[in-house]
Amino acid sequence: MAAPVRRTLFGVARGWRRFRGLWAGSLASRSLALAAASLSSGSPWRLLGALCLQRPPLVSKPLTPLQEEMAALLEQIEIERSLYSDHELRALDEAQQLAKKKADFGDEDDEKNILLVQDLEDMWEQKFLQFRPGARVTEADEKNDRTSLYRQLDRNLVLLVKEKLGDQDVWMLPQAEWQPGETLRGTAERILATLSGEFSAFLYTSPDSLEIQADCEDGFKENNMEAKFLGNAPCGHYKFKFPQAVRTESSLGAKVFFFKALLLTGDFSQAGKQGRHVWVSKEELGDYLKPKYLAQVRRFLLDL
């Protein structure tokens, strides 16, 4: 009788200790979040979240001569070591039956309503001759249209947008200012939601405020973009100072934290002003990004 009571008391004690630890941890994390918020509010550096939205390859890369030779060797080894499939066994069986009937002078009229293996292979051959594979080089590749998502189908493409920094138009990854009460990943998710609806330009309107201003004429509407975020931690960061015209002692610059996501569905519509976004490969980033910004972005981009 004492043993069950003792086990029950031990279970209650363990549950209380676990609950007290979780409660203390939640209070500690809340106090750290409040401290970080108060620190960021008093810091001259603004916190920004940026979205590295990648379109993964849609087709495989062409094989090199060495890879083609190795693939042919492996295919030959597989054929030599393989067993007959059900279709091949059926073909051999039918060949034996036909040879036996011919030897016995059997009546071939009974075979007219039977679908033989050779008939199946002829049907498959006709379907194969009608098949036309899709082109690896698209119309966007021929025109070098970097606003199109359907280019360089065997490469990773990254979304870049043109935004206002003071009076300058600068290419960068889509970004937005972190808001109190949300995580940095939440900021990146908010950016994706903004891209899925109306594109918002990130404008520096005054030294003391950063505003995200929606421009319906220059925006991209109803894109319905969906993406899968790769983790909760940033994949990289970048620190820069605001232009001299808007820089003050209380607002020196921004710290940007990048979050990587893979595009699942959706694309920018063609409505609105052209030239505000591009889909580029890792090698083409140098045509748009500034050197220091480019160096930080290339550190977390893999093109396998």
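Nothing fancy with the numbering, it's 1 onward along the sequence.
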Measuring from atom CD of Glu125 to atom CD of Gln118, what distance do you get when rounded to the nearest 0.5 angstrom? 10.0 Å

Pair Phe258, Phe300 - check ring pair (Phe, Tyr, Trp, His ring centres under 6.0 Å), show working. CA-CA 9 Å; Phe258 302 101; Phe300 56 83; 5.3 Å; yes

Say you draw a straight line from CG of Leu301 to SG of Cys235; how long is it, rounded to the nearest 0.5 Å? 7.5 Å

Between CD on residue Glu68 and CG on residue Leu73, distance to nearest 0.5 Å: 13.5 Å

Verdict with supporting geometry, Trp171 and His277, ring pair (Phe, Tyr, Trp, His ring centres under 6.0 Å): CA-CA 9 Å; Trp171 287 98; His277 80 285; 8.4 Å; no

Take Ser148 and Trp279 through the test side chain to side chain contact (heavy atoms under 4.5 Å, CB included) and record every step on the way to the result. CA-CA 7 Å; Ser148 174; Trp279 293 93; over 6 Å; no

Output, in order, the C-alpha distance, side-chain angles, deciding distance and verdict of side-chain hydrogen bond (donor to acceptor under 3.5 Å, both in side chains) for Thr138 and Asp141. CA-CA 5 Å; Thr138 63; Asp141 289 319; 3.2 Å; yes

Do Asp154 and Pro62 have side chains that approach each other closer than 4.5 Å (heavy atoms only, starting at C-beta)? yes

Around Tyr288, counting heavy atoms of other residues, nucleotides and ligands shown, do more than 12 lie under 6.0 Å from its OH? yes

Answer with yes or no whether the side chains of Gln130 and Gln126 bring together a donor and an acceptor at under 3.5 Å. no

Quick check: do Phe229 and Leu192 have side-chain heavy atoms less than 4.5 Å from each other? yes

Can you classify the ring geometry of Tyr238 versus Phe240 as parallel (below 30°), tilted (30 to 60°) or perpendicular (above 60°)? parallel

Hey, does the side chain of Arg55 reach the backbone of Leu264 with a donor-acceptor pair shorter than 3.5 angstrom? no

If we count only N and O atoms by modelled type, under 3.5 Å, do the side chains of Glu182 and Thr187 hold a donor and an acceptor together? yes

Check the surroundings of atom CD in Gln67: do more than 12 heavy atoms from other residues, nucleotides or ligands lie under 6.0 Å from it? yes

Partner of Leu289 by side chain to side chain contact (heavy atoms under 4.5 Å, CB included), out of Leu173, Val170, Leu160, Val280: Leu160

Run the numbers on Arg151 and Glu139 for side chain to side chain contact (heavy atoms under 4.5 Å, CB included), then give the verdict. CA-CA 8 Å; Arg151 57 183 296 268; Glu139 182 180 357; over 6 Å; no

4.5 Å side-chain heavy-atom contact, Leu159 and Leu149: no

Counting distance only, does the side-chain N/O of Thr194 pair as donor-acceptor with the main-chain N or O of Arg190 below 3.5 Å? yes

Apply the test side chain to side chain contact (heavy atoms under 4.5 Å, CB included) to residues Trp45 and Lys241: give CA-CA distance (whole Å), side-chain angles for both, the deciding distance (0.1 Å), then the verdict. CA-CA 9 Å; Trp45 297 93; Lys241 291 185 178 181; 3.9 Å; yes

Salt-bridge criterion met for Glu283 and Arg155 (N-O under 4.0 Å): yes

Any donor-acceptor pair under 3.5 Å linking the side chain of Glu88 with the backbone of Ser85? yes

Do Arg46 and Trp178 come close enough that some side-chain heavy atom pair is under 4.5 Å? no

Is it true that atom CD of Glu75 has more than 12 heavy atoms of other residues, nucleotides or ligands lying nearer than 6.0 Å? no

Which atom names give the shortest non-hydrogen contact between Ala254 and Leu48, and what distance separates them? CB-CD1, 3.5 Å

Give the C-alpha distance, both sets of side-chain angles, the deciding distance and a yes or no for side chain to side chain contact (heavy atoms under 4.5 Å, CB included) between Val161 and Gln175. CA-CA 9 Å; Val161 295; Gln175 65 183 28; over 6 Å; no

Between Gln152 and Glu284, do the side chains contain an N or O donor and an N or O acceptor separated by less than 3.5 Å? yes

Determine whether Arg185 and Glu189 make a side-chain contact, defined as any pair of heavy atoms from C-beta on separated by less than 4.5 Å. yes

Donor-acceptor under 3.5 Å (Arg247 side chain, Gly253 main chain): no

Decide if atom CG of Asp86 counts as having more than 12 heavy atoms of other residues, nucleotides or ligands within a radius under 6.0 Å. no

Shortest non-hydrogen contact from Ala176 to Ile191? N-CD1, 3.5 Å

For atom CD of Glu249, is the number of surrounding heavy atoms from other residues, nucleotides or ligands below 6.0 Å larger than 12? no

Distance from Ser281 atom OG to Asn156 atom CG, nearest 0.5 Å? 9.5 Å

Nearest 0.5 Å, what's the CG-CD distance between Leu89 and Glu94? 11.5 Å

Determine the minimum heavy-atom distance between Leu302 and Gln54, stating which atoms define it. O-NE2, 4.5 Å

Taken to the nearest 0.5 Å, the spacing of Arg136 CZ from Leu153 CG works out to 8.0 Å

